[in-house]
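Right, I'll just put the structure down here and ask away after.
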Amino acid sequence: MAMTMSPDMVQVALPLPLMQCFTYRVPPAWQDAVQPGCRVLVPFGRRHLTGVVVPEAPPASLPDSLKPILDVLDDEPALTEELLQLTRWMADYYVCSWGEVIRAALPPGLEIESRRRLYPGQPPAEPLSERAAAVLRLVAAHPGITIRRLRQELGSTPYGLLHRLVRAGLLRLEEALEAPRVQIKKERHVRFAPAYRTPAAQEQLLHRLRGARQRALVAALQALQLEGVTEPPRATLLARAGAPPATLRRLVEQGILELVDKEVIRSPLEAEPPPAPSPITFHPEQQAALDRIAEAIDARRFETFLLHGVTGSGKTEVYIAALKRVRRQGRTGIILVPEIALTPQTVQRFRAHFGDEVAVLHSRMSEGERYDTWRQLRTGRYPIVIGPRSAVLAPLENLGLIVVDEEHERSYKQFDPAPRYHARDVAVYRAYLNNAVCVLGSATPSLESYLNARRGKYTLLEMQRRAPTVGRTPARLPQVRLIDLRHTRLANGNPLAPPLVRAIAHRLERGEQVILLQNRRGFAPVLECTACGWSPHCPHCSVTLTYHKVPHQLRCHYCGYATRHPNTCPQCSAATLEPLGTGTQRVEEALQTLFPEARVLRMDLDTTRGRRAHHHLLSRFARGEADILLGTQMVAKGLDFPRVTLVGVVNADTGLLLPDFRADEHTFQLLMQVAGRAGRADRPGEVLLQTRNPDHRVFRYLLRHDYVALALELLAERQQLGYPPYTRLAVVECSGPEETRVQELARSWAERFHHLQQQTPGGHLIEVLGPTPALHERLKGRYRYHVLLKAPRRSDAPALQPLLRRTLESFPSLPRSYRLTLDIDPAGLS
DNA sequence: TCGCCATTCACA
DNA sequence: GTGAATGGCGAA
């Protein structure tokens, strides 16, 4: 990809789902400033949008006249050549627009766009149609309402009506550029003007000044100077001098003091200095793994390692040692962790070794903090970044290492807005582009990575022993036992069987801690009328409503719909609605009844809404302020708690019953991970699993901590049944408000794909399955149908994307509010 | 014939 | 993803 280009026109990628770039003329004034990777403001249709200049040649055929770029928004390119190359590859691989990928690589909130807003005009002189009156009411209620918002309220955009209302003077339509939501934050600082910078001049000044307040201000600035602060913030100086702003203004007017604007960096890292590093000693397995990685780093060779190490085997120490090696070469590193594991404790472990070379990115940061961190990464201020999925696109140059910790975690796969990328796979490709090393770490690797390792595409490094904690013997793996719920009569609604209750009581007596996993939030997932069998469903989604006891509500976990709990069954009027099944709230209630003295922390989506709630809960538990940590899968990740000696899984079968070919793999991974929380110091740990399927192979292998045996069995099965990682999948989802329409569109899409494939030399490489209704056929008021595409042989997989793209391009445009979304390598059959 | 809506296309 | 042109349909 050549970075040189004819300066009078450029290709611009726009953040829209359009599979093409657009060509713009560059006015002479901008020709020196415009470079690939720069953000530019361009006219597009009747709108203005922020796009990014990409290093592409203009197409052979162009419209007669090109529109000009209106502004260049960056002095330095926002994206390096390397990131342009990476995002380009992602757009090709994930079959989405380059502009959409670029948007994911830039901090949010920077976009400048034009918006059209509506304001009330003259009052209507004659009676209006119902619809026109509705529009005027909306605009009167929300002056400055956007057209998009109006469409949401009305269901469609009545452009004709709007224009007539504007012509009649009943409405005003204004188009304006919206400022970016984030900007560089500046703070006013004060300093002496050049003539007063010497001590002598300042002394003279103090004699000359008449006002006591003016003298106090000058004296305060002098004092601050002696403390080493030559340009204090304005607020600091005023507070110190006890002077009003007017005094300062007068001194500035007299040319004695100057005001300067300084950039302020909003940083989520606490001002506290990084902690002291604890010494690292390596056991032989760690050393061997590190030696292999170090060799590739020293050779500056691209290589991907799968670091398969049991919980507590010391994977983080290996990451740190590898990163040190990379830093000694002057190269940089990215550490990816699942969002949930991104606690201050994780960050502190890296800060202990790398000090303020470490930057953090995560979703709970404000847009301002993210923007500032991104800018500092871009300038090279931080050579190390630790963050979730999106950090794989961080603007670091000279990359030497990318670590993907807990690489099997599904949160690495982006779903909601395109690009639907898998951060692990992007990490491997980015490492390849940089001749860097990629380390994928996990106690229970994804079958994709494990197969890649067995095939030699990745280098497999095994660490099967727990590392000794300093000065102690290594902790043993916890003992896992099953509680067979088929033989245990549970009292109505009691989710905890006697053996688990006894085990909990035992730990409480000894002052040890317990973690309980119940992978469902709320009180009960279903409410059912015992008289007629009716249960409440979401009006927008094809799912039952979950009963939440606090607050007393029925809630949809897919769209957020909430309603009051009905007192009687709306179908038969009986007052016999009974909660079925178990959620975290029910377990919490049971614990409070059984152990009124125990201090229980519940951790699920409902108790971790706040910015730091997640961290607060975990650190309270770590400090011993609670005895039992109860929650959804988020209790499986995160910290080490040395006093936890019991892990209980209230319903280990949740997840096994999902209609997903990865159900067994995911259940095993989750249970292994939560089991690893037990007994990490020198106290032995115990894991109790409540199940109705004690003979299930997942439990069989779990009892023996035997990942490899399960992986081999699952791999053999996947190969036989034709599932990934032996085949490649893509899902095309068609969604919209009307079921028959959605189904029809999905069917014609499948036919078009099939048809195009037949015309392609080489024959039928890709199987087309469906359309079928999605697992939850209706979500948020939209019906969903899936077409599954499958490349049965890996050698045929590269045919998938070009065919998808061609189908997409040749498919007629969809009606408003109907959508097609493509998901390459889907994480689950949702 | 007008107003309303869904459909379709262009956007550089 | 959005704005605007197009054409069919029912009400006047």
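In the text below, chain A, chain B and the rest are named by the order of the sequence lines, each starting its count at 1.
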Excluding sequence neighbours, so at least two apart, what forms salt bridge (charged side-chain N to carboxylate O under 4.0 Å, His left out) with Glu113(A)?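 Glu113(A) satisfies salt bridge (charged side-chain N to carboxylate O under 4.0 Å, His left out) with Arg115(A) once adjacent residues are dropped.
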Is it the case that the side chains of Thr546(A) and Arg521(A) hold a donor-acceptor pair, with the cut-off being a distance below 3.5 Å and no angle test?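 Arg521(A) vs Thr546(A): no donor-acceptor pair found between side chains.
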Between C1' on dG1(C) and CZ on Phe44(A), what's the gap in Å once rounded to a whole number?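 Phe44(A) atom CZ is separated from dG1(C) atom C1' by 9 Å.
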Round to the nearest Å and state the distance from Arg103(A) atom CZ to dG1(C) atom P.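 It works out to 8 Å between those atoms.
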Using whole Å, report how far CG of Leu16(A) lies from P of dG3(C).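 Answer to the nearest Å: 11 Å.
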Between Leu18(A) (CG) and dC9(B) (P), how many Å, whole number?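 Distance check: Leu18(A) CG to dC9(B) P gives 15 Å.
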Side-chain N or O of Arg148(A) less than 4.0 angstrom from OP1 or OP2 on dT2(C)?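 So the side chain of Arg148(A) is within the cut-off, an N or O lying under 4.0 Å from OP1 or OP2 of dT2(C).
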Is a donor from one side chain sitting under 3.5 angstrom from an acceptor on the other, for Thr807(A) and Trp749(A)?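 The criterion, which ignores hydrogens and geometry beyond distance, is not satisfied for Trp749(A) and Thr807(A).
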Would you kindly give the CZ-to-P distance between Arg149(A) and dT2(C), to the nearest whole Å?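 Taking atom P of dT2(C) as the reference, CZ of Arg149(A) is at 15 Å.
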Considering every strand and a 4.0 Å limit on heavy-atom distances, what is the contact class for Arg819(A): base, sugar-phosphate, or nothing?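 Sugar-phosphate contact only - Arg819(A) comes under 4.0 Å of backbone atoms but never of a base.
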Who passes ring pair (Phe, Tyr, Trp, His ring centres under 6.0 Å) against His362(A), sequence neighbours left out?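 His362(A) satisfies ring pair (Phe, Tyr, Trp, His ring centres under 6.0 Å) with no other residue.
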Shorter than 3.5 Å, N or O on both sides, protein versus nucleotides 4-6 of chain B: list them out with atom names.
unit_1	atom_1	unit_2	atom_2	d
dC4(B)	OP1	Ser129(A)	OG	3.3
dC4(B)	OP2	Arg164(A)	NH1	2.9
dC4(B)	OP2	Arg164(A)	NH2	3.3
dC5(B)	OP2	Arg131(A)	NE	2.9

Can you tell me how far P of dG1(C) sits from CD of Glu100(A), to the nearest Å?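 Rounding to the nearest Å, CD of Glu100(A) and P of dG1(C) are 8 Å apart.
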With sequence neighbours excluded, tell me which residues meet ring pair (Phe, Tyr, Trp, His ring centres under 6.0 Å) with Tyr371(A).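 Checked Tyr371(A) against ring pair (Phe, Tyr, Trp, His ring centres under 6.0 Å); zero matches.
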ring-ring contact (aromatic ring centres under 6.0 Å, His included) contacts in which one or both residues fall within residues 22-52 of chain A, not counting sequence neighbours: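 ring-ring contact (aromatic ring centres under 6.0 Å, His included) check on residues 22-52 of chain A returns Phe22(A)-Phe44(A).
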Flag the pair Arg266(A) and Glu369(A) as a salt bridge only when some basic side-chain nitrogen lies within less than 4.0 angstrom of an acidic carboxylate oxygen.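 Salt bridge flag = no for Glu369(A) with Arg266(A).
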State whether Tyr24(A) places a side-chain N or O below 4.0 Å from either non-bridging phosphate oxygen (OP1 or OP2) of dA12(B).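 So the side chain of Tyr24(A) is outside the cut-off, no N or O lying under 4.0 Å from OP1 or OP2 of dA12(B).
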Judged by each residue's nearest nucleotide on DNA chain B, which is more toward the 5′ side, Pro59(A) or Pro815(A)?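 Nearest nucleotide further toward 5': that of Pro815(A).
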Expressed in angstrom and rounded to an integer, what is the separation of Glu809(A) atom CD from dA10(B) atom P?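 Result: 15 Å.
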When you compare the side chains of Glu82(A) and Asn434(A), does any donor N or O come within less than 3.5 Å of an acceptor on the partner?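 The answer is yes; a qualifying pair exists.
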Rounded to whole angstroms, how far apart are CD on Glu111(A) and C1' on dT2(C)?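 Between C1' of dT2(C) and CD of Glu111(A): 17 Å.
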Grab the N/O contacts between the protein and nucleotides 6-9 of chain C below 3.5 Å, and write none if there aren't any.
none

Return the nearest nucleotide to the side chain of Leu62(A); candidates are dG1(C), dC9(B), dA12(B).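 Output: dA12(B).
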Inter-residue atom distance Leu110(A).CG - Thr50(A).OG1, 0.5 Å rounding: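 If I round to the nearest 0.5 Å, the distance is 8.5 Å.
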